Amino acid sequence: MPIHNAECAAVFAEIGDMLEIQGANPFRVRAYRNAARTIGDYGRDIPTMIANGDDLGKIPSIGADLASKLREIAATGTCELQQTLRHALPGAIVALLDVPGLGAKRVKALHDALHVDSLEQLRAEAKSGHVRELPGFGAKTEAHLIEAIDDRLQREPQRFLLPDAAHALTPLLERLRAVAGVGKAVPAGSFRRRRETVGDLDILVTARDAAAVADAFVGYGDVARVLAHGKTRSSAMLANGLQVDLRVVDADAFGAALVYFTGSKAHNIALRRIAQAGGLKINEYGVFRGDERIAGATEASVYAAIGLHEVPPELREDRGEVDASRAGTLPALVERKHLHGDLHAHTDVSAGRDGLRAMAAAARARGLAYLAVTDRVPPGDGARGGFEWLARQLDDIDRVNATFDDFVLLKGVEAGIREDGSLDVPDAMLGRLDLVVGAVRDGFDLPRGVQTDRMLRAMDHSHFTILAHPTGRMLGERDACELDVPRVLAQAAARGCFVELDAQPRRLDLPDVWCREAAKAGVPVAIGSDACSADELDNLAFGVDQARRGWLTRHDVLNTRTLAQLRPLLARTMGGGKRSRSKGA
DNA sequence: GCCGTTTTCGGCCCGACTGTTTTCAGTCG
């Protein structure tokens, strides 16, 4: 298995878990976990950096020791410390930490006293009543463990796509807002940060009577199990397996609670360290100097109290936003209203359900000035067919365009990229189009170098505008393909073509960290709805969320251009100036 | 184990809820 950042991060995460179970210095444990998180979403491939002789010490949370371990892991896939720890403890034991209610101390106690090192074994010991005998455990804990393990064995912990989470959230928020005395009821957590998937939902409520809100919450019809039910904090599992955490605060603490509850955890820790250095304390009730509360009603007041500009929720991941906020260099993030058009959509000619006219009307109704029609070769038409379908569609587009004076359908195609890097649409057809969206649709498991070369060759084609859904990932279904993204971005920059951020909520492809790298590489990102129906043009909003997580400004996004600004950029990719290099030369 | 507009040593975020205790440890977010 090739070693990349994810593998390095996994080694550090396991070391952190093992050290914690062993009772090591908690700050050492945190150092490994911080490093795992940093590396996991670091924008450059660490083994490649090592091969290039780059200085790993520049990576935040990586010091001399962890840098040397990274070199070891890059070379061997493991490191001596990991092996030593696995010798002392069964490697599988870290899975026990994932059981709700089990932390390092209890896992160690279970291992020491009962030699438990697997879920099945723990369940058997709990069933036979041995767990309740241990100090610190009791009958209730034992019963909860059995329940939690049965849950886990039945159903893998699941992450939810944003629209699915929203679907569960909306009626619950309505119920809470209907409780007497409730002011605000808003989502927080990773949902508010617009992470591509959420593991649970966090809801923040302001109310005079906190207990009434908590009661309404745990009494919600969709609640399958109540996990905690306190005065200000409650937690429940919904029937679909989604956990929801509720926090109720006074209105004058709303801002502080929203910062705290929006996270991320790493962002909060960074804020608190800054506060601490200035002799202040931040908690979910406000910012305090001694006993004096100096801020808390709004998020802006909390950030201002510690000398920062308010950070947009999408950036709160401890990826440099705190420094940028202090320096006043936070990016002015792109917004949905900045988009003038959409550069990836299907009609009923291929993958879509709605016709050309319906798509045009829907795009126009959404305030867009242009929509690129980018159908694929219809099934059964065969890549070697005559492409009459496309010729007919181009004529049809002309007819539709003649009916508008404030809106344009652009002529495009979603060309498949074959394994040799060629496109499945002939040049003669491509030459009649405004843009070509190229997409890999098979062979996702090619080795990294082969996959990368395939895409680079496709981008080198004399008609190639946008690399669609570059990593091919399908959230929860298919991992990103092995791809040297920096090379792809460098090529796009050199050729003057573009990469897509596919806005389908199950794709959101480019991933956020690569969006940021695209901007650094000077490659505009095309946010494409990839809509298969008129309704799905609304996907654009998910794409904008993801773009914001990737620090993209209006300038970094291709389709914030007006049609007049866009046309010459597209033309350059269609043999109109980009090509100075003859094929095979 | 990392890190430094007080520091290369001595710090390292903060509070709620539960269960097992008899004043608090463990876990979680």
Side-chain angles (χ1 to χ4, degrees), chain A residues 12 15-16 19-21 23-38 56-70 81 96-110 131-145 148 188-190 198-204 210 214 218 226-236 243-249 253 256-257 259-288 306-307 318 322-323 326-327:
Chain A
F12 282 174
I15 290 175
L19 285 173
E20 189 183 27
I21 293 169
N25 175 350
F27 299 107
R28 190 178 172 212
V29 172
R30 186 196 291 170
Y32 277 99
R33 290 186 174 153
N34 282 343
R37 185 181 57 82
T38 301
L56 300 182
K58 291 211 181 76
I59 305 173
S61 75
I62 302 298
D65 183 85
L66 293 187
S68 113
K69 286 193 170 66
L70 281 173
L81 177 59
L96 293 176
L97 290 176
D98 290 337
V99 176
L102 277 191
K105 296 266 168 56
R106 285 177 174 163
V107 168
K108 179 159 189 347
L110 290 165
V131 170
R132 71 176 72 181
E133 311 289 329
L134 302 180
F137 292 80
K140 276 195 171 178
T141 303
E142 189 177 73
H144 281 152
L145 285 178
S190 52
V198 301
D200 59 23
L201 277 178
D202 301 290
I203 298 176
L204 178 66
V218 300
V226 177
L227 305 170
H229 184 185
K231 268 202 331 218
T232 68
R233 178 171 223 162
S234 300
S235 185
Q243 183 176 323
V244 187
D245 298 321
L246 173 76
R247 189 75 196 249
V248 188
V249 299
V259 170
Y260 158 77
F261 221 28
T262 297
S264 67
K265 184 175 177 171
H267 177 81
N268 287 349
I269 290 176
L271 295 187
R272 285 168 175 168
R273 290 184 68 146
I274 289 177
Q276 204 177 33
L280 303 172
K281 183 176 78 168
I282 300 184
N283 58 29
E284 53 266 57
Y285 301 110
V287 183
F288 295 85
I306 57 171
D318 192 26
V322 173
D323 284 344
R326 182 154 40 187

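Remember, predicted model here, so these are calculated numbers, not experimental data. Chain A is the first sequence line, chain B the second, and so forth, proteins listed ahead of strands; every chain is numbered from 1.
With A:Ile282 as the partner, the side-chain contact (heavy atoms from CB on, under 4.5 Å) test is satisfied by one option alone out of A:Ile274, A:Val259, A:Leu271: A:Leu271.
Using a 4.0 Å heavy-atom distance criterion, A:Ala143 is classed as making no nucleic acid contact. A:Asn268 comes within 4.0 angstrom of no nucleic acid atom, judged by non-hydrogen atoms across all strands. In this structure, A:Lys108 reaches neither bases nor backbone, as no heavy-atom distance under 4.0 Å exists between it and the strands shown. In this structure, A:Arg247 reaches the sugar-phosphate backbone alone: every heavy-atom distance under 4.0 Å involves primed, P, OP1 or OP2 atoms, never a base. Residue contacts shown for A:Ile282 are limited to sugar-phosphate atoms, with no base heavy atom under 4.0 Å away.
With the nearest nucleotide of DNA chain B identified for both A:Ala64 and A:Arg30, A:Ala64 has the one nearer the 5' end. The 5' end of DNA chain B is approached more closely, in terms of each residue's nearest nucleotide, by A:Pro60 than by the other of A:Pro60 and A:Lys281.
An OP1 or OP2 oxygen of B:dC17 is reached within less than 4.0 angstrom by no side-chain nitrogen or oxygen of A:His229. In terms of phosphate contacts, A:Arg273 brings no side-chain nitrogen or oxygen within less than 4.0 Å of OP1 or OP2 of B:dG4. Look at A:Ser235 and you won't find any side-chain N or O under 4.0 angstrom from OP1 or OP2 of B:dC17.
Closest to the A:Leu66 side chain, of the nucleotides B:dC17, B:dG1, B:dT18, is B:dG1. Checking B:dC14, B:dG1, B:dA16 against the side-chain heavy atoms of A:Asn283 singles out B:dC14 as nearest. Among B:dC17, B:dT20, B:dG1, the nucleotide with an atom closest to any side-chain atom of A:Thr141 is B:dT20.
A:Glu20 has no carboxylate O lying under 4.0 Å from a charged side-chain N of A:Lys108, or vice versa, which leaves the two without a salt bridge. A salt bridge does not link A:Lys265 with A:Asp318: none of the charged nitrogens is closer than 4.0 Å to a carboxylate oxygen.
The interatomic distance linking A:Gln276 (CD) with B:dG11 (P) rounds to 11 Å, in whole Å. As a whole-Å value, the separation of A:Leu204 CG from B:dA16 P is 14 Å. The interatomic distance linking A:Asn25 (CG) with B:dG10 (C1') rounds to 12 Å, in whole Å. Across the protein-nucleic acid pair, A:Leu280 atom CG and B:dC13 atom P stand 16 Å apart, rounded to whole Å. Taking atom CZ of A:Phe288 as the reference point, atom P of B:dC14 lies 12 Å away to the nearest angstrom.
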Q: Do nucleotides 21-29 of chain B as a string where each nucleotide becomes B, S or -: B if the base has a protein heavy atom under 4.0 Å, S if just the sugar-phosphate does, - if no protein is that close.
A: S----SSSB
